[in-house]
There are 2 protein chains.
Amino acid sequence: MSRRPRPTVAITADLVILTIRDGVLCVLVVERGNDPFAGRLALPGGFLRGEESLDETAARELSEETGLDAATLHLQQVGVYSAPDRDPRRPRVVTCAYLAIAPNLPRPAAGTDAKAAHWLPVTEAQRTGLAFDHDQILTDALELARAELQFSTIATAFCDTEFTIGELREVYEAVWGVDLDKPNFHRKVTESAGFVEPSGAKRPSPTGRPAALYRAGGASTLSPPMMRPRPASA
Amino acid sequence: MSRRPRPTVAITADLVILTIRDGVLCVLVVERGNDPFAGRLALPGGFLRGEESLDETAARELSEETGLDAATLHLQQVGVYSAPDRDPRRPRVVTCAYLAIAPNLPRPAAGTDAKAAHWLPVTEAQRTGLAFDHDQILTDALELARAELQFSTIATAFCDTEFTIGELREVYEAVWGVDLDKPNFHRKVTESAGFVEPSGAKRPSPTGRPAALYRAGGASTLSPPMMRPRPASA
DNA sequence: GAAATAGTGTCTATAAGACACTATTTC
DNA sequence: GAAATAGTGTCTTATAGACACTATTTC
């Protein structure tokens, strides 16, 4: 039996790093310095190095881009993108996309890296378009994030160590793009075992009753789930 | 800035093809003919070819292994496995794992391929162990399949074109490894919009009342979901 | 009629959603 | 007290689950 050629390819890990700024869901984008797509906006990413896995590549890129320790941030695979013409370079470049979730960071973007990185509202990114097949990657990562909010406790990854129930609700509202009932959300979250635990402290508000502060609980899955309201059919 | 070497790698698509035989969840495994792991059982898979995407590689392998048209079968990505030592060959081999779901096939395994492929109960496969990191891939694919049953209509992919509600229930029972209440399951499925639609025909039974036959409906997602019973905590 | 599987009725427990209401703060 | 945000109570509806019961077949 004749041996087919086994093409080798270059592999990158691309990151969809989401955060919420002023109640708006934002994604970290970089302006590309080199061809292909020089000058265009793209998702941050980088090539796999010799003795690391793609998960490690993604974690390294994440810490380079955000200055945060990847071990403490939520990071998960979205999928592989391997259309032969997705990147004009040769050898072919296949990418594994990762979803990362970050709390609102002190610096707009930062990073040890010279690239011009900044946060862009997701709606803006989708309107203006990104390089490569990054529009599709962003769409898929968003859908994953929206689904994960229902069944996991990752919403707390958007928050600082201590947060109020109102802030957690704003995470759901920003990612899902809906308004949620405050009283029902409060009850659902505080009564769900392992989702959040009270820190005992309160955060004074300049405008109303101080809110109790919570920390992320030990659970990683939410049961029962917090189902996203279905869009009205009519 | 000095240019780092960009290692190139070989990429495979590996398949976790599940089916149900006599009420037992089975996975298609092949006996490896060549090193590494010659003689050991492994998941079927193959290398990416020149001008195809990994999704196409997976679809091609699936049709080679099962003789079925991949376009009609459920096929989705599970994840990428890229640990540097997961495959001893050089250049490194990264794999993208796919989950495929097949109805009970006429032939035990078949395929145009000379490899010894056969169905193995999933519990057997997990007990005896597979080559490479295929134990982990199988575990992850199973967990994905179990989760997908809750929120999507893929359970019908395990069934023939026409099936009874009892057969559909056996899919859930085999994949989840639980017993479900027959009356409640029947109602839930038949009242869920777009999950199944009656074909009008009935299938006589040698032992009891004939069951009405159904076809897969148009919906791909189940709402409300069919939640898997949580294991009793105590 | 007995046995077997298919399917319906009905009651109860749990969760979701609407929304009135109370609580605690700043001004 | 007004305004604002936090949080509780309570009622209604949707869904899940238990399980008694009816329906249709073969023997």
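Reminder, nothing fancy here: chain letters follow the sequence lines and each chain counts from 1.
Other residues, nucleotides and ligands place no more than 12 heavy atoms under 6.0 Å from the CG atom of Asp22(B).
Considering only the side chain of Asn184(B), dC19(D) comes nearest among dT24(C), dA18(C), dC19(D). Distance from the side chain of Pro224(B) is smallest to dT15(D) among dT15(D), dT8(C), dT24(D). Residue Arg187(A) places its side chain closer to dT10(D) than to any other of dC19(D), dT10(D), dG7(C). Closest contact between the side chain of Asp181(B) and the listed nucleotides dA18(D), dT24(C), dG7(C) involves dA18(D).
Nucleotides of DNA chain D nearest to Leu213(A) and Pro210(B) differ in position, and the one nearer the 5' end is that of Leu213(A). When the nearest nucleotides of DNA chain D are assigned to Ala212(A) and Gly208(B) by heavy-atom distance, the more 5′-ward of the two goes with Ala212(A).
Tyr81(A) pairs with exactly one of Asp133(A), Asp140(A), Asp14(A), Thr95(A) by the side-chain hydrogen bond (donor to acceptor under 3.5 Å, both in side chains) rule, that one being Asp140(A).
Residue His186(B) places no side-chain N or O under 4.0 Å from the OP1 or OP2 atom of dA6(C).
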Inset, instruction - Treat a base pair as Watson-Crick or G-U wobble with both distances under 3.5 Å, then lay out DNA chain D in dot-bracket form, 5' to 3', with | for cross-strand pairs. - result: |||||||||||||||||||||||||||
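Straight-line distance from the CZ atom of Phe195(A) to the P atom of dA15(C): 16 Å, rounded to whole Å.
Here CD of Gln150(A) is found 5.0 Å from CH2 of Trp176(A). Values are rounded to the nearest 0.5 Å.
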